[in-house]
**Student:** 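To start, I am sharing the structure in question, which I have written as structure tokens.
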Amino acid sequence: MESAHAIDMPESKKANGSGKGKAAVGAPAAAVATTKATPHPRGGWKKGVAIFEFVLRLAAIGAALGATATMGTADEILPFFTQFFQFEAQYDDFEVFMFFVIANGLVSAYLVLSLPFSILCIVRPHAVGPRLLLLIGDTVMMALTIGAAAAAASVVYLAHSGNPNANWLPICQQFGDFCQSTSSAVVASLIAAALLLILIVLSAFALRRT
């Protein structure tokens, strides 16, 4: 009885060893099967962000074009005049307003040209190059828009309020339509700048999560 028991022990160890060997042999096959079943990664949330950015670009184009057209057509002639003078206010009478029109026109052109790159970001959500290029361009255009809007806003403020210390009289009491057009243009330009700021934040966030 004791000898039989001594013989059975090696057989059980051998059986266990062979079982472990079979498990080791079968393990790579299971790993290969799991790897083949892994799905290909898709755009996911980045594609949704790219679509939202495209919509924001369209809105920014509308705001920048509206600011350019409103300021560029700001003109008012007073109904009374003298033999030698005609009281008229135009945007090109102020160099700041001319700079405003040029700056917002450039921003509008840039936003239109950036649409193909925005569509590329929708088609290829993981592409870094187009998004980085848009991020740099949006930053430059936002700075230009804010600078032009701030400069024009200072002149609009003087037109509304004047400056008693410098003996500058407000003109908006006489040129009401002109002042309303210039004020609307400044507001539209600030809206375009705000939309560009949102685009910059979204692009930076998407690049950071790449």
Side-chain angles (χ1 to χ4, degrees), residues 34-74 91 94-160 180-210:
T34 305
T35 304
K36 291 182 179 179
T38 303
H40 184 72
R42 298 182 180 274
W45 62 272
K46 286 189 177 182
K47 187 173 184 179
V49 171
I51 295 174
F52 183 58
E53 288 178 348
F54 182 79
V55 175
L56 289 179
R57 288 188 185 280
L58 294 178
I61 290 172
L65 283 177
T68 305
T70 304
M71 183 66 78
T73 56
Y91 85 95
F94 304 87
E95 294 182 357
V96 172
F97 289 163
M98 294 178 63
F99 168 69
F100 179 90
V101 171
I102 294 173
N104 281 273
L106 290 175
V107 172
S108 302
Y110 161 77
L111 288 171
V112 172
L113 293 176
S114 69
L115 291 179
F117 295 94
S118 183
I119 295 175
L120 182 61
C121 291
I122 298 175
V123 177
R124 300 178 58 188
H126 294 284
V128 177
R131 191 176 292 279
L132 181 60
L133 183 63
L134 290 176
L135 176 61
I136 296 173
D138 292 345
T139 304
V140 174
M141 291 298 113
M142 185 194 69
L144 180 62
T145 305
I146 292 177
S154 64
V155 176
V156 171
Y157 174 79
L158 289 176
H160 280 279
Q180 184 177 1
S181 297
T182 55
S183 299
S184 300
V186 171
V187 172
S189 182
L190 290 175
I191 292 175
L195 293 174
L196 285 170
L197 178 60
I198 297 174
L199 287 170
I200 292 170
V201 173
L202 290 176
S203 297
F205 179 75
L207 287 173
R208 189 172 183 273
R209 299 296 298 270
T210 301

**Student:** Would you mind listing every side-chain hydrogen bond (donor to acceptor under 3.5 Å, both in side chains) that reaches into residues 95-117, with sequence neighbours excluded?
**Tutor:** Arg57-Ser114, Asn104-Ser189, Tyr110-Asp138
**Student:** Could you grab the distance from atom CD of Gln180 to atom NE2 of His160, nearest 0.5 Å is fine?
**Tutor:** 9.0 Å
**Student:** What are the two closest heavy atoms between Gly105 and Thr68, and how far apart are they?
**Tutor:** N-OG1, 3.4 Å
**Student:** For a quick test of your reading: what N or O donor-acceptor pairs under 3.5 Å do the side chains of residues 143-156 make, sequence neighbours left out?
**Tutor:**
from, atom 1, to, atom 2, distance (Å)
Thr145, OG1, Met141, O, 2.7
Ser154, OG, Ala151, O, 2.6

**Student:** Can you tell me how far the CG atom of Leu115 sits from the CG atom of Leu120, to the nearest 0.5 Å?
**Tutor:** 12.5 Å
**Student:** What pair of heavy atoms forms the shortest contact from Ser118 to Ala50, and how long is it?
**Tutor:** OG-O, 4.2 Å
**Student:** Taking distance alone, no hydrogens or angles, what donor-acceptor pairs closer than 3.5 Å link side-chain atoms of residues 191-206 to residues at least two apart or in another chain?
**Tutor:**
from, atom 1, to, atom 2, distance (Å)
Ser203, OG, Glu53, OE2, 3.4
Ser203, OG, Leu199, O, 3.0

**Student:** Can you tell me how far NZ of Lys47 sits from SG of Cys121, rounded to the nearest 0.5 angstrom?
**Tutor:** 12.5 Å
**Student:** Between Tyr91 and Phe97, which heavy-atom pair has the shortest distance, and what is it?
**Tutor:**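 Closest heavy-atom pair between Tyr91 and Phe97: O-CB, 3.4 Å.
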**Student:** Using a 4.5 Å cut-off on heavy atoms from C-beta on, say whether the side chain of Leu135 contacts that of Arg131.
**Tutor:**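 Sidechains of Leu135 and Arg131: no contact.
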**Student:** Heavy atoms only: give me the nearest Phe54-Ile122 pair and the separation to one decimal.
**Tutor:**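 Looking at all heavy atoms of both residues, the shortest contact is CB-CD1, 4.0 Å.
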**Student:** Looking at Val112, Val107, Leu56, which hits side chain to side chain contact (heavy atoms under 4.5 Å, CB included) with Ile61?
**Tutor:** Val112
